[in-house]
Amino acid sequence: MSLVSIGLPVWNGERYLADALDAILAQDFDDFEVLVSDNASTDRTQEIAQDYAARDTRITYHRQKRNLGAAANFNYTFHHTSAPLFRWASYDDAMAPEYLSTCVSALQQDSSGAVLAYPGTMRIDENGRSIGPYSAEVRKGGATASERLAQMIGPGDPLQSMIHMCFPVFGLIRRDVLEGTSLIANMPRSDKLLLVELALAGPFVDVEPLLFLRREHESGSVISAEQAATGADRERLLAAWFDPSRGNFFPATLSRLGLGYLRATLRAPQPLGERLRSLKVVAGWAARHARALGGEAKIVIRERLQAMIYKLTGRRANGRTR
């Protein structure tokens, strides 16, 4: 068995997939396996991935029969690999040659019970040129679960929260810990929930070198949705990317995140006092987002009522019939 599994979910990734695979194969650490899960791409993704799999036995290619959505495809790569350390790789990002060896060493030498190791982030453009490091002053650390939770969703500048950009999701994670999480849930910003679940399970190891190369380009999923729509319509577009089976229903992202934070806090093994402190952090988050949560509830209620009217009368709220 390999020490590291790398899951690479992809859909129509012909432009950058070869770069991502080249970066993996250029690692100075070679005890890994790669699973490329193709979400029924319609471009040259299959041809590219199969070529790499034919050249290196550490790479396995699987093509889904239909587009499952990003969430299911991400999770497929986890469920169908087996190494004790796991990393998701995006088809449009890359990593420096020392990425795996540095993160593996950090976890092996750790004595704090760390569940994840992640390096600094260098931003690159669509052509792979460096734009500059991601240098936001991010809140980190915390000896206890409640302290780590507060660093992520507690009061303070949200731009300084580790879950603002969620880069540690692409870190190296202990499989046994990741198995106890929601993985990538079928909703927008589910990476925030995953990082909260991991933080409640244990600390993260912050590796200093800029070894994660995050590509910024116009065809990225979030950028595309933000350019195409705003507000509730943008959330619907993102939700469809995560799970096409949801249709056009409003995903109530913030409400689902809040419930996820609450469930994670109740499930995480913590002494009673620590659990109560963690619950206080979640309650504070809910209080600060009360207005937005109320707005989501109104949208959900309105959509459900419209669906009931259509089911009963065959007439939509705008007067159109079936």
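Quick note: numbers below take in every heavy atom, side chains included, and nothing from hydrogens, waters or symmetry partners.
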A.B. asks: Looking at CG of Leu272 and CG of Leu279, how far apart are the two atoms once the value is rounded to the nearest 0.5 Å?
C.D. replies: 9.5 Å
A.B. asks: Please step through side chain to side chain donor-acceptor pair (under 3.5 Å) for the pair Glu197 and Ser182, ending with a clear verdict.
C.D. replies: CA-CA 8 Å; Glu197 291 177 309; Ser182 304; 2.8 Å; yes
A.B. asks: Do you know the tightest heavy-atom contact between Pro188 and Leu238?
C.D. replies: CG-CB, 3.8 Å
A.B. asks: Go through Met187 and Leu193 one step at a time and tell me if the side chain to side chain contact (heavy atoms under 4.5 Å, CB included) criterion holds.
C.D. replies: CA-CA 10 Å; Met187 66 177 184; Leu193 174 57; 4.0 Å; yes
A.B. asks: Over all heavy atoms of both residues, which pair between Thr77 and Pro9 is shortest? Give the atoms and the distance, please.
C.D. replies: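 Closest approach of Thr77 to Pro9, heavy atoms only: CG2-N, 4.1 Å.
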A.B. asks: Answer yes or no: is there a donor N or O on one side and an acceptor on the other, between the side chain of Trp11 and the main chain of Ala70, under 3.5 Å?
C.D. replies: no
A.B. asks: Do Met165 and Ile124 share a hydrophobic cluster, counting only Ile, Leu, Val, Met, Phe, Trp and Tyr and linking them when any side-chain heavy atoms are less than 4.5 Å apart?
C.D. replies: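 Different clusters.
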A.B. asks: Identify each donor-acceptor pair in which a side-chain atom of residues 100-108 lies under 3.5 Å from a protein atom, sequence neighbours left out, and give them as a table.
C.D. replies:
residue : atom : partner : partner atom : Å
Ser101  : OG   : Asp28   : OD1          : 2.8
Ser101  : OG   : Glu98   : O            : 3.2
Thr102  : OG1  : Glu98   : O            : 2.7
Ser105  : OG   : Gln109  : NE2          : 2.8

A.B. asks: Distance-only, no hydrogens or angles: does the Glu296 side chain make a donor-acceptor pair with backbone N or O of Ser255 under 3.5 Å?
C.D. replies: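 Looks like yes, one N/O pair under 3.5 Å.
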A.B. asks: Are the aromatic ring centres of Phe78 and Phe86 under 6.0 angstrom apart?
C.D. replies: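 Yes.
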A.B. asks: I'd like to know if the side chain of Arg15 reaches the main chain of Asp92, judged simply by a donor and an acceptor atom lying under 3.5 Å from each other, with no hydrogens or angles considered.
C.D. replies: no
A.B. asks: Give a yes or no on whether Phe29 and Leu213 share a hydrophobic cluster (residues Ile, Leu, Val, Met, Phe, Trp, Tyr; joining criterion: side-chain heavy atoms under 4.5 Å apart).
C.D. replies: no
A.B. asks: Would a distance-only check, ignoring hydrogens and angles, find a side-chain to backbone donor-acceptor pair under 3.5 Å from Asn73 to Asp38?
C.D. replies: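 Pair absent, no side-chain N/O of Asn73 close to backbone of Asp38.
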A.B. asks: Tell me, please, whether Phe250 has Arg304 positioned over its six-membered ring: NZ or CZ under 6.0 Å from the ring centre and within 45 degrees of its axis?
C.D. replies: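 That pair does not qualify as a cation-pi contact.
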A.B. asks: Rounded to the nearest 0.5 Å, what's the gap from CD on Gln151 to CD on Glu147? Could you check?
C.D. replies: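 One finds 8.0 Å between CD of Gln151 and CD of Glu147.
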A.B. asks: Among residues at least two apart in sequence or on other chains, which ones pass side chain to side chain donor-acceptor pair (under 3.5 Å) with Asp243?
C.D. replies: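 In terms of side chain to side chain donor-acceptor pair (under 3.5 Å), with neighbours along the sequence ignored, Asp243 is linked to Asn186, Ser245.
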A.B. asks: Should the pair Tyr91 and Tyr16 be assigned to parallel (<30°), tilted (30 to 60°) or perpendicular (>60°) ring geometry?
C.D. replies: tilted
A.B. asks: Within the structure provided, determine whether Val36 and Thr45 are in side-chain contact (heavy-atom separation under 4.5 Å).
C.D. replies: no
A.B. asks: Quick check on Arg291: does its CZ atom have over 12 non-hydrogen neighbours (other residues, nucleotides or ligands) under 6.0 Å away?
C.D. replies: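 At most 12 heavy atoms, drawn from other residues, nucleotides or ligands, come within 6.0 Å of this atom.
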A.B. asks: Check for a donor-acceptor pair, side chain of Arg123 on one end and backbone N or O of Tyr134 on the other, with a separation under 3.5 Å.
C.D. replies: no
A.B. asks: Honestly curious: do Leu254 and Ile163 fall in one hydrophobic cluster under the side-chain, below-4.5 Å linking rule?
C.D. replies: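 Same hydrophobic cluster.
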A.B. asks: Please check if atom CZ in Arg267 has more than 12 non-hydrogen atoms from other residues, nucleotides or ligands closer than 6.0 Å.
C.D. replies: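 Incorrect, the count does not exceed 12.
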A.B. asks: Hey, is Arg189 close enough to Glu235 for a salt bridge, meaning N to O under 4.0 Å?
C.D. replies: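 Yes.
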A.B. asks: So His62 and Tyr76, would you call those rings parallel, tilted or perpendicular, with 30° and 60° as cut-offs?
C.D. replies: parallel
A.B. asks: Drop me the distance from Met122's CE to Ile131's CD1, to the nearest 0.5 angstrom.
C.D. replies: 10.0 Å
A.B. asks: Would Arg87 pass as a cation-pi partner of Phe32, given that its NZ or CZ must be under 6.0 Å from the six-membered ring centre and within 45 degrees of the axis?
C.D. replies: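 The answer is no; the distance or angle limit is not met.
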A.B. asks: Ion pair present between Arg215 and Asp93, side-chain N to carboxylate O less than 4.0 angstrom?
C.D. replies: no
A.B. asks: Has Asp110 got a side-chain atom pairing as donor or acceptor with Ser112's backbone, closer than 3.5 angstrom?
C.D. replies: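 Side chain of Asp110 to backbone of Ser112, a donor-acceptor pair under 3.5 Å: yes, one is there.
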A.B. asks: Is a donor on one side and an acceptor on the other found under 3.5 Å between the side chain of Asp43 and the backbone of Glu14?
C.D. replies: yes
A.B. asks: Please step through side chain to side chain contact (heavy atoms under 4.5 Å, CB included) for the pair Gln160 and His164, ending with a clear verdict.
C.D. replies: CA-CA 7 Å; Gln160 294 182 350; His164 171 59; over 6 Å; no
A.B. asks: Side-chain contact test, heavy atoms from C-beta onward, threshold under 4.5 Å: evaluate it for Val196 versus Leu257 and give yes or no.
C.D. replies: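 They are not in side-chain contact.
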A.B. asks: Within a strict 4.5 Å, meaning less than it, do heavy atoms of the Val169 and Leu116 side chains meet?
C.D. replies: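 The answer is no, as the side chains (C-beta and beyond) never meet within the 4.5 Å cut-off.
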A.B. asks: Can you find a heavy atom in the side chain of Leu68 that is under 4.5 Å from one in the side chain of Arg66?
C.D. replies: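 Yes; the side chains approach each other to less than 4.5 Å.
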A.B. asks: Do you know the tightest heavy-atom contact between Trp88 and Phe74?
C.D. replies: NE1-O, 2.9 Å
A.B. asks: Calculate, to the nearest 0.5 Å, the distance between atoms CG and CE belonging to Asp31 and Met1 respectively.
C.D. replies: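 That separation rounds to 10.5 Å.
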A.B. asks: Between CD1 of Ile6 and CG of Leu172, what distance do you get to the nearest 0.5 Å?
C.D. replies: 8.5 Å
A.B. asks: Answer yes or no: is there a side-chain heavy-atom contact under 4.5 Å between Phe170 and Thr121?
C.D. replies: no
A.B. asks: For Glu274, which residues count as a side chain to side chain donor-acceptor pair (under 3.5 Å) partner, sequence neighbours excluded?
C.D. replies: Thr144, Ser146, Arg277
A.B. asks: For a side chain to side chain contact (heavy atoms under 4.5 Å, CB included) check, start with the C-alpha distance between Leu200 and Arg148, then their side-chain angles and the critical distance, and finish with the verdict.
C.D. replies: CA-CA 7 Å; Leu200 286 168; Arg148 294 190 295 271; over 6 Å; no
A.B. asks: Cut-off 3.5 Å, side chains only: do Gln64 and Ser37 have a donor facing an acceptor?
C.D. replies: yes
A.B. asks: If hydrophobic clusters are built from ILVMFWY residues whose side chains come within less than 4.5 Å, do Leu210 and Val207 share one?
C.D. replies: no
A.B. asks: Going by the side chain to side chain contact (heavy atoms under 4.5 Å, CB included) test, name the single residue among Thr81, Leu35, Val34 that passes it with Ser5.
C.D. replies: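 When Thr81, Leu35, Val34 are each tested with Ser5, the side chain to side chain contact (heavy atoms under 4.5 Å, CB included) holds only for Thr81.
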A.B. asks: Can you check whether Leu178 reaches Val115 side chain to side chain, under 4.5 Å on heavy atoms?
C.D. replies: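 No. Closest side-chain heavy atoms not under 4.5 Å.
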A.B. asks: Apply the test side chain to side chain contact (heavy atoms under 4.5 Å, CB included) to residues Thr265 and Val281: give CA-CA distance (whole Å), side-chain angles for both, the deciding distance (0.1 Å), then the verdict.
C.D. replies: CA-CA 10 Å; Thr265 302; Val281 174; over 6 Å; no
A.B. asks: If you measure from CG on Asn127 to NE2 on His217, what distance do you get to the nearest 0.5 Å?
C.D. replies: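 Between Asn127 CG and His217 NE2, I get 11.5 Å after rounding to 0.5 Å.
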A.B. asks: Salt bridge check: are Arg58 and Asp56 linked by an N-O gap of less than 4.0 Å?
C.D. replies: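 Asp56 and Arg58: salt-bridged.
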A.B. asks: Between Gln27 (side chain only) and Ala96 (backbone N and O only), is there a donor and an acceptor less than 3.5 Å apart?
C.D. replies: yes
A.B. asks: Strictly distance-based, threshold 3.5 Å: is any side-chain N or O of Arg174 a donor or acceptor partner for the main-chain N or O of Pro84?
C.D. replies: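 Side chain of Arg174 to backbone of Pro84: no pair is present.
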A.B. asks: Please check if the side chain of Thr181 supplies one atom and the backbone of Leu183 the other of a donor-acceptor pair under 3.5 Å.
C.D. replies: yes
A.B. asks: Of the non-hydrogen atoms in Ser2 and Ala83, which two are nearest, and what is the gap between them?
C.D. replies: O-CB, 3.2 Å
A.B. asks: How far apart are the closest heavy atoms of Ile184 and Phe242, and which atoms are they?
C.D. replies: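 Scanning both residues completely, I find the closest heavy atoms to be CG2-CE2, 3.9 Å.
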A.B. asks: What I'd like to find out is whether the side chain of Met162 reaches to under 4.5 Å of the side chain of Tyr118, using heavy atoms alone.
C.D. replies: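 Yes. Closest side-chain heavy atoms under 4.5 Å.
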A.B. asks: For Gly69 versus Pro244, what's the shortest heavy-atom pair and its separation?
C.D. replies: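 Closest pair (atom of Gly69, atom of Pro244, distance): CA-CD, 3.3 Å.
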A.B. asks: Kindly indicate whether the side chain of Glu303, heavy atoms from C-beta on, has any atom under 4.5 Å from the side chain of Val300.
C.D. replies: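 Side chain of Glu303 against side chain of Val300, heavy atoms only: no contact under 4.5 Å found.
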